[in-house]
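Report on one structure; see the data block that follows.
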Amino acid sequence: MTQRLVIAIDGPSGSGKSTTSRAVAQRLGLAYLDTGAMYRAVTCAFLDAGVDPSDTAGVIASTLGANLEISTDPDDQWVRVNGTDVTQRIREQEVSTKVSAVSTVPECRADLVARQRAIIDAAPAGIVAEGRDITTVVAPDADLRLLLTADPEIRMARRKLDLDGEVDAAALADQVLRRDSDDSKLVNFTTAADGVIHLDCTYLTLEQTIDAVLALAGAR
Ligand code: DC
């Protein structure tokens, strides 16, 4: 019997953690969980309910009450909230701007962390899970825990490429630097916790980063 393998990857916006995690899952035949997509999907839920981002009680109620379904197939990613597919919408700027209303609220985090743990436990062969607090809070017992970082200029350039260049400099800085600063108030994702391997990919191509993670996974 082959053993289950759980790989947890965290890091700041634009560090390449999503693309790397998905590629590693594809190559190792594992499931893939994008936890950021869950924060984004419940953002759609509170917006649809007409809740203002500053209404913390409303955001909490929308989060806890959300019927959230997410694909863990690295080849077919989708996410649904309250029966509606929001796969495309979660990448829109409105959601990127307002998602901190969810990610900075401890009650919302606790709810999503519990859902994420259940998804990770249910993956038969194992999973690559990524997100800010994966190595420290969600899956501290993962077989391999990695912190992927890159210098801020590189991260902004990568996020711009993700968005096909259709974003101005202020929006880009908002999406990368302001969100990281907001999120870092609750989760430390800039320094590696004990037992977490720090991989700085500022000077690595995507392919080199994927290879480095595969090598580390192979060494487990
Ligand atoms: O990785 P991303 O940009 O899709 O994440 C969306 C937002 O959710 C971002 O503000 C970080 C936050 N997030 C979080 O706080 N914890 C996670 N495990 C995943 C995402």
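As the structure lists them, so they are numbered: ligands from 1, and atoms in each ligand from 1. Since the model is a prediction, treat every value here as computed from it, not as a measurement. All residue numbers in this chain count up from 1 along the given sequence.
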Test of proximity, D34 against ligand 1: N or O pairs below 3.5 Å: no

Nearest candidate to atom 20 (C) of ligand 1, where distance is taken over non-hydrogen atoms, out of C108, S15, G36: G36

Donor-acceptor pair between D73 and S71 side chains, under 3.5 angstrom: no

Distance-only polar pair, side chains of S18 and E130, donor-acceptor under 3.5 Å: yes

Modelled atom types, side-chain donor and acceptor of Y32 and Q26, under 3.5 Å: no

For S103, the ligand 1 atoms whose distance to one of its heavy atoms is below 4.0 Å: 10 (O), 12 (C), 15 (O)

Proximity to ligand 1 by part of Q116, non-hydrogen separation under 4.0 Å: neither

Donor + acceptor pair across side chains of S103, R40 (<3.5 Å): no

Donor-acceptor side-chain pairing of R155 and T202 below 3.5 angstrom: no

Ligand 1 N/O within reach of D133 N/O, cut-off under 3.5 Å: yes

Min heavy-atom dist M38 to ligand 1 below 4.0 Å: no

Exam field: side chain T87 to backbone V79, donor-acceptor pair closer than 3.5 Å: yes

Within-cut-off N or O pair, T35 and ligand 1, under 3.5 Å: yes

Salt bridge (charged side-chain N to carboxylate O under 4.0 Å, His left out) between D111 and R115, intermediate numbers included: CA-CA 6 Å; D111 177 67; R115 296 180 196 234; 3.0 Å; yes

Per-atom contacts, ligand 1 versus V99 - under 4.0 Å to a heavy atom: 7 (C), 8 (O), 10 (O)

Under 3.5 Å: N/O of S100 near N/O of ligand 1: no

